[in-house]
Chemist: 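Below is one structure. I have some questions about it.
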Number of protein chains: 2
Amino acid sequence: MTPSVPNRETTDYLESRIRAVGLRPTRQRLALAGLLFQAGHRHVTAEKLHGEAMKRGIRVSLATIYNTLHQFTAAGLLREVVVDTDRSYFDTNMERHHHFFHEDTGLLEDIPSSELELKNLPPLPEGSEISSIDVVIRLSGTRKLPL
Amino acid sequence: MTPSVPNRETTDYLESRIRAVGLRPTRQRLALAGLLFQAGHRHVTAEKLHGEAMKRGIRVSLATIYNTLHQFTAAGLLREVVVDTDRSYFDTNMERHHHFFHEDTGLLEDIPSSELELKNLPPLPEGSEISSIDVVIRLSGTRKLPL
DNA sequence: TCAATATATTAGAATAATTCTAAAAAGGCT
DNA sequence: AGCCTTTTTAGAATTATTCTAATATATTGA
Ligand SMILES: [Mn+2]
Ligand SMILES: [Mn+2]
Ligand SMILES: [Zn+2]
Ligand SMILES: [Zn+2]
């Protein structure tokens with residue numbers, strides 16, 4: 001039996017992904033890749049990821065968190081989602097999709113692009129091409145029960 | 001002849017809009033309202049608006065620019081558009097519409113909502129309601145001629 | 001296995017947008 | 001005018017992020 005589906009649980013898998021994009025698989029990058037890629041798709045901020053790393057006893061500086069998030073983004077392992085003016089969100093889901101943004105909690109939730117289609121794209125301004133189309137549905141919580 | 005359409009050129013018009021939302025029509029607010037509302041719809045950042053004010057000899061502090069933009073936004077005269085992580089954009093167009101964002105220049109361009117329809121909205125998460133739906137088409141410039 | 005070299009990490013300083021503070025100025029009302 | 005409220009503002013503070021330049025780690029190939 002030759003496994004054709006990579007086992008995402010292994011360190012080898014993470015190491016090969018990192019090597020594949022031309023980066024050295026350092027302790028920090030492997031650990032962060034573990035947090036990012038081993039538990040389904042995620043939306044994280046730098047601070048949140050740093051907090052998680054600390055909690056698991058991984059010692060990484062915040063500078064490295066930023067470096068890594070940006071390197072992974074440049075490498076196509078992550079994308080950045082702009083939903084909040086004062087915090088950057090990074091998304092491990094590289095498929096085309098959109099987002100619910102819970103304004104009260106800061107939670108980002110995926111909307112598969114199959115569930116939300118754009119009808120007729122307007123003509124683009126001369127001499128420009130689409131880099132991405134971002135749909136964000138901002139949600140405000142409704143109290144279930146009156147206060 | 002009783003004019004039923006307000007003349008947006010007059011200071012009285014601006015003054016009444018400002019009063020209408022419960023704010024005092026100060027020198028600064030009138031001047032900024034002039035820049036914002038007397039020349040068609042606009043998308044401005046705090047710095048840009050401040051720069052324009054200076055250029056026209058209006059002395060306003062940056063703190064007042066921020067105060068005013070936020071007060072106008074809270075009052076429903078402006079809306080904030082989140083397209084850039086490190087700069088806030090304010091939009092004088094309060095109709096439902098979407099945006100082209102020129103990533104190279106920082107220019108925001110309106111897309112009337114008639115030109116871009118959303119097909120089928122996905123079901124909302126339990127206990128939440130839509131605050132807004134923001135569609136941003138990010139554009140990268142294409143060189144007209146090869147370098 | 002061991003330098004030699006290239007890359008990565010990090011503490012701490014620097015930056016930049018924005019917010020805060022609290023004191024002075026202006027607006028509104030009688 | 002006089003009184004009270006709202007606004008403006010300079011400058012300090014805050015916060016996310018980036019930069020610097022010194023140290024540490026990874027890779028290569030003899
Ligand atoms: Mn900010
Ligand atoms: Mn920022
Ligand atoms: Zn996502
Ligand atoms: Zn607009």
Side-chain angles (χ1 to χ4, degrees), chain A residues 11-12 14-35 43-54 57-75 77-78 80-90 106 108, chain B residues 11-12 14-35 43-54 57-75 77-78 80-90 106 108:
Chain A
T11 300
D12 280 9
L14 297 174
E15 179 171 337
S16 64
R17 279 199 84 176
I18 291 172
R19 275 194 205 286
V21 299
L23 295 171
R24 291 179 176 178
T26 63
R27 208 165 353 86
Q28 294 79 337
R29 294 208 270 234
L30 284 167
L32 296 178
L35 294 176
H43 302 95
V44 302
T45 62
E47 247 345 310
K48 273 223 311 281
L49 185 59
H50 188 238
E52 281 183 33
M54 310 263 76
I58 302 161
R59 208 160 68 285
V60 203
S61 73
L62 199 46
T64 296
I65 298 280
Y66 278 107
N67 288 341
T68 302
L69 287 172
H70 286 135
Q71 289 154 352
F72 282 9
T73 299
L77 299 176
L78 292 178
E80 194 175 343
V81 185
V82 179
V83 284
D84 185 329
T85 313
D86 32 59
R87 216 173 293 283
S88 288
Y89 282 78
F90 293 86
L108 261 187
Chain B
T11 301
D12 281 8
L14 296 175
E15 179 171 336
S16 64
R17 279 200 84 174
I18 290 172
R19 276 194 206 287
V21 299
L23 295 171
R24 291 180 177 175
T26 62
R27 208 165 351 87
Q28 294 80 337
R29 293 209 270 234
L30 284 168
L32 296 178
L35 294 177
H43 302 94
V44 301
T45 62
E47 252 337 316
K48 273 224 311 280
L49 185 59
H50 189 238
E52 282 183 32
M54 310 263 75
I58 301 161
R59 208 162 67 284
V60 204
S61 72
L62 198 48
T64 295
I65 298 279
Y66 278 107
N67 289 341
T68 302
L69 288 172
H70 286 136
Q71 289 154 352
F72 283 8
T73 299
L77 299 176
L78 292 178
E80 196 176 342
V81 185
V82 180
V83 284
D84 185 329
T85 314
D86 33 57
R87 215 174 294 282
S88 288
Y89 282 78
F90 293 86
L108 261 187

Chemist: Which nucleotide in the list D/dA10, D/dT17, C/dT10 gets nearest to the side chain of B/A63?
Modeler: D/dA10

Chemist: Under 3.5 Å, is there a donor on one side chain and an acceptor on the other for B/E80 and B/T73?
Modeler: no

Chemist: Take the protein atom CZ of B/R87 and the nucleotide atom P of D/dA16, then report the distance between them rounded to whole Å.
Modeler: 18 Å

Chemist: For A/T64, which contact category applies under a 4.0 Å heavy-atom criterion: base, sugar-phosphate, or nothing?
Modeler: base

Chemist: Using a cut-off of strictly less than 4.0 Å, decide whether B/Y66 has a side-chain nitrogen or oxygen near OP1 or OP2 of C/dT18.
Modeler: yes

Chemist: When you match B/S61 and A/E47 each to their closest nucleotide on DNA chain D, which lands nearer the 5' end?
Modeler: B/S61

Chemist: Tell me the interatomic distance from A/R27, atom CZ, to C/dT9, atom C1', rounded to whole angstroms.
Modeler: 9 Å

Chemist: Whole angstrom is fine here: how far is it from CG in B/L49 over to C1' in C/dT18?
Modeler: 15 Å

Chemist: Got a donor-acceptor pair under 3.5 Å from the side chain of B/R24 to the base of D/dT5?
Modeler: yes

Chemist: Which part of the nucleic acid does B/H70 contact within heavy-atom distance under 4.0 Å: base, sugar-phosphate only, or nothing?
Modeler: sugar-phosphate

Chemist: Looking at A/Q28, I'd like to know whether one of its side-chain N or O atoms comes within less than 4.0 Å of OP1 or OP2 on C/dT10.
Modeler: yes

Chemist: Please classify the nucleic acid contact of B/S88 as base, sugar-phosphate, or nothing, using heavy-atom distances under 4.0 Å.
Modeler: sugar-phosphate

